[in-house]
*Asks:* 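Before I ask anything, let me first share the structure, which is written out below as structure tokens.
Note that the structure is a prediction, hence the values are computed from the model and not measured. To find a chain, count down the sequence lines: A is the first, B the second, and so on, and within it residues start at 1.
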There are 2 protein chains.
Amino acid sequence: MNISIAPTTVQDSSSSRRGDVAADSTLAQAAIGRIIDLIRSGELAPGGIVNEVDLAKRFDMSRGPIREAVRNLEGRKLIMREAYQKARIVELGVEQVQELFQLRECLEGMACRLATTQMTDSELAELVESCEKRGDQGRLATTFTNDFNFSFHIQIVKKCGNKKIEDILTSEVYELVRLYRWTKKATPGRSGRARTEHWQIAKAMQSRDEELAESLMRSHIQRSMQIVDLPNLG
Amino acid sequence: MNISIAPTTVQDSSSSRRGDVAADSTLAQAAIGRIIDLIRSGELAPGGIVNEVDLAKRFDMSRGPIREAVRNLEGRKLIMREAYQKARIVELGVEQVQELFQLRECLEGMACRLATTQMTDSELAELVESCEKRGDQGRLATTFTNDFNFSFHIQIVKKCGNKKIEDILTSEVYELVRLYRWTKKATPGRSGRARTEHWQIAKAMQSRDEELAESLMRSHIQRSMQIVDLPNLG
DNA sequence: ATCGCATGAAGTGTTGACACTTTTAAGACG
DNA sequence: CGTCTTAAAAGTGTCAACACTTCATGCGAT
């Protein structure tokens, strides 16, 4: 069936299939997308080393485009490296994950506030509805099955009307958050509570209460961080 | 005397002089710094085209490192480009500058709140003092004389304890804000009012009032945006 | 046995040549 | 004259070879 997964990042996502659109016209661009795919699929885990030669061979291109791609990802702070040292996928310690969620909290809080004034009535109705009908997501058999929780947040962010905020969230923050998400499922009952919180936020937005919407979103994100336990790090 | 200007970005700043520290060990790294210098100095203005060959000749290196540098800056969203098209320094329209300030508002608001709990008493005392003694800055004869207004904000951001927020502000937001700052001076009386607002913020922080500090910082930034008038854009 | 040093291997950094795309400008044609 | 075609120029994209740095292995000396 091959459902193309809606990628958080609009431009540079999975390049693997679909050669029709000529979306990734240059190899470097394609490399960016494919490396991100590797990161999302977990093949390149946090702290994992990014070997230019390996990637070049695997993607069947020379090292030039690879280096450009790595530099780009480095600019987005998804990859870290120092001169002549192996590049690594960023690895976040406990405090750094907390920092990330603080960042997300204030950005998404603002996004939610803005979206509350920006979205149309019908869009909001749709948002509420999507919170009410349950169990309909997560059954797509893909690499990222646990993406569905994001869709709510992404819907809002995309409609906040502020491209800068949207950009930082989708191209930097979410990619990182995604890496530390998989343990979340372990906590039972969380999923249902999250859904309730989503519904409350949507309702606040529908009644055009910016203040409440932002506040709810912020505490929702705070709560969601407390669940993420970090297994392996110093 | 050669006062080295404290650069907003710690790592990748001016590489021009000081060959002792071997800070920019690779050419690509050096190129990043020098391009940023070019942007800050205004030689590469918003909308200006970034020519790889020119830069390569000017920096006396091959195009490889230049391309990597451009890719990095592209990742930071300071440079835009599409395949086979000339790369350009990002150019912001009116709405986009507003978006940028919204972003800055929520990030710095959060940073200010965090710094209020993080900074020591002596650091806060120093901050207040630096707001009270006036006319002592801006006399450094450099390319960026009007940087001094930033120093207040940077002091706070550096002490907020959240590296992610600090990073986004210094390596992405401030660079862009800087580009649209020079018209600000035109408004008379603004400078004094800004100083007053800085003092009020510092005072709120000193009395450890997070809520007030964040709120004051947010309105301070809102006000500072309203001053920036955009001369040339569609 | 351990420490230090040489030596190779693996990986990153840089380069100049070549291929492709876009833009510019000149010339042919209406 | 203006417009279309076309060829050169300018700029970007890619590659393969080479230089440099770091890491790993093993050898010999103490």
*Asks:* I'd like to know if E172(A) pairs up with R76(A) as an ion pair, taking the criterion as any Lys NZ or Arg NE/NH1/NH2 lying under 4.0 Å from an Asp or Glu carboxylate oxygen.
*Replies:* no
*Asks:* In this structure, how many angstroms lie between the P atom of dT15(C) and the NZ atom of K57(B), rounded?
*Replies:* 15 Å
*Asks:* Between E68(A) and R71(A), is there a side-chain N and carboxylate O pair less than 4.0 Å apart?
*Replies:* no
*Asks:* Are R104(B) and E99(B) within salt-bridge range, i.e. N to O under 4.0 Å?
*Replies:* no
*Asks:* If the threshold is 4.0 Å, N to carboxylate O, is there a salt bridge linking E175(A) and R40(A)?
*Replies:* yes
*Asks:* Pull out every stem in DNA chain C, meaning runs of 3 or more consecutive Watson-Crick or G-U wobble pairs with both distances under 3.5 Å.
*Replies:* C:1-30 with D:1-30
*Asks:* For residues 77-86 of chain B, which side-chain donor-acceptor pairs fall under 3.5 Å, sequence neighbours excluded?
*Replies:*
{"unit_1": "K77(B)", "atom_1": "NZ", "unit_2": "S171(A)", "atom_2": "OG", "d": "3.1"}

*Asks:* Within the 4.5 Å heavy-atom criterion, are E52(B) and L55(B) side-chain neighbours or not?
*Replies:* no
*Asks:* Could you tell me whether Q118(A) atom CD has more than 12 heavy atoms of other residues or ligands within 6.0 Å of it?
*Replies:* yes
*Asks:* Can you check each nucleotide of nucleotides 10-23 of chain D against protein heavy atoms at under 4.0 Å and return B for base, S for sugar-phosphate only, - for none, in 5' to 3' order?
*Replies:* -SBBBB-----SSS
*Asks:* Can you check whether Q102(A) reaches Q222(A) side chain to side chain, under 4.5 Å on heavy atoms?
*Replies:* no
